[in-house]
Amino acid sequence: DAFTEHETIYLRCLYFNFEKDNDFQSIYSEILKRKILFREIVEIDRDPLPRQEEFIDGFVKYLQTDANNDEYLVDALFLKGGIEAIRKSAYSQREKHPAVFLTFYQYQKNQNIEQTELKQIILDGLKIISDKFKTKFILCHDLIEIARELNDKSLLLLGLSTAFYCMPSLRNLAYFLNFILAEKNETEINKLFEFLSKQNVKKDSDNFSFEILDSEDAIYSLDAYTIERKSVLLGRYVLGGIEPLLPFI
């Protein structure tokens, strides 16, 4: 819109002023403060910016200190070296920047690469991205689909279990419980019961959603999971019977 264009032009002018003073740090701060991607500053004029590569290298290092800036980091990395630069950062920075890995993954998925290659990227991501990030569910969702297509039970178990532990909703619990009970997997059953037993069911945290699958911007979320109270109570009942629930009744 007109306001964004005005802000972009203003930042481009600032770039020239600060670049003369060798003060890239001030440009970094202004870009983040005004929430304008550097790509927009570059593309608003045909003439290249002076010392642009040098600026981007410094900007990437600056952005890597805070995962809250990952949208700007992805943008800068793409300007630096395309999807290959994003891939390298995704694997080298690992758990520090989950959105960078998910950007790389989404790009590869959209390229319709071979299922075997896509599966390996997902498996890499499951190791890299911490369970505390709800966005990890994006990978789990696709892994479950692949596992079902391949009829691979070990892969399906990995997808269902990781999906629950990174996003312990009632829906994910139902799928996970159904699978491990049908397979009589005592190891996973005991692990799940122990996990549920440690949860605080007094906290009302049933406002759970699947918004992360509905928007491309959702990959930049750093939100941790919030377990649903219904998941805790139902899981305890299914695995431990009525006795563990008597105090709450």
Quick check: does any side chain N or O of [X] sit under 3.5 Å from a backbone N or O of [Y], one acting as donor and the other as acceptor?
X     : Y     : answer
Ser29 : Gln25 : yes
Arg39 : Asp75 : no
His97 : Gln64 : yes
Asp45 : Asp47 : yes
Thr65 : Tyr62 : yes
Tyr28 : Phe59 : yes

Nearest 0.5 angstrom please: [X] [atom1] to [Y] [atom2], how far?
X      : Y      : atom1 : atom2 : value
Thr8   : Glu43  : OG1   : CD    : 10.5 Å
Lys109 : Asp142 : NZ    : CG    : 3.5 Å
Cys166 : Asp131 : SG    : CG    : 6.0 Å
Tyr10  : His6   : OH    : NE2   : 8.5 Å
Glu40  : Arg12  : CD    : CZ    : 12.5 Å
Ile146 : Leu155 : CD1   : CG    : 7.5 Å

Tell me the closest heavy-atom pair linking [X] and [Y], and the distance in Å.
X      : Y      : value
Leu177 : Gly235 : CD1-CA, 4.4 Å
Lys134 : Met167 : O-CE, 3.9 Å
Gly159 : Cys140 : O-CB, 3.8 Å
Ala76  : Val60  : CB-CG2, 3.9 Å

Inset, instruction - Just do the ring pair (Phe, Tyr, Trp, His ring centres under 6.0 Å) check on Phe38 and Phe55 with the steps written out, would you? - result: CA-CA 10 Å; Phe38 186 60; Phe55 174 87; 4.5 Å; yes
Inset, instruction - Determine whether Phe176 and Ser161 make a side-chain contact, defined as any pair of heavy atoms from C-beta on separated by less than 4.5 Å. - result: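 SC-SC contact between Phe176 and Ser161 confirmed.
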Legend entry - Min side-chain heavy-atom separation Phe133-Asp223 under 4.5 Å: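 Counting from C-beta outward, Phe133 and Asp223 never come under 4.5 Å.
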Inset, instruction - Validate the cation-pi geometry between Arg148 and Tyr175: distance from NZ or CZ to the six-membered ring centre under 6.0 Å, angle to the ring axis within 45°. - result: yes
Might you confirm whether atom [atom1] of [X] has over 12 heavy atoms from other residues, nucleotides or ligands at distances under 6.0 Å?
X      : atom1 : answer
Phe179 : CZ    : yes
Asn151 : CG    : no
Tyr165 : OH    : yes

Donor-acceptor pairs under 3.5 Å, side chain of residues 186-196 to any protein atom, not counting sequence neighbours: which ones?
residue : atom : partner : partner atom : Å
Asn190  : ND2  : Glu186  : O            : 3.1
Glu194  : OE2  : Lys198  : NZ           : 3.4

Inset, instruction - Establish, from distance only, whether the side-chain atoms of Gln106 and Asn110 form a donor-acceptor pair under 3.5 Å. - result: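 No, because no side-chain N or O of Gln106 sits under 3.5 Å from a partner of the opposite role on Asn110.
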Legend entry - All pairs passing salt bridge (charged side-chain N to carboxylate O under 4.0 Å, His left out) where residues 48-57 contributes a residue, at least two apart: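 Sorted result for residues 48-57: Glu19-Arg51, Arg51-Glu54, Asp57-Lys80.
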Legend entry - Which residues share a side chain to side chain donor-acceptor pair (under 3.5 Å) with Asp66, sequence neighbours left out: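 Asp66: side chain to side chain donor-acceptor pair (under 3.5 Å) contacts with Asn68.
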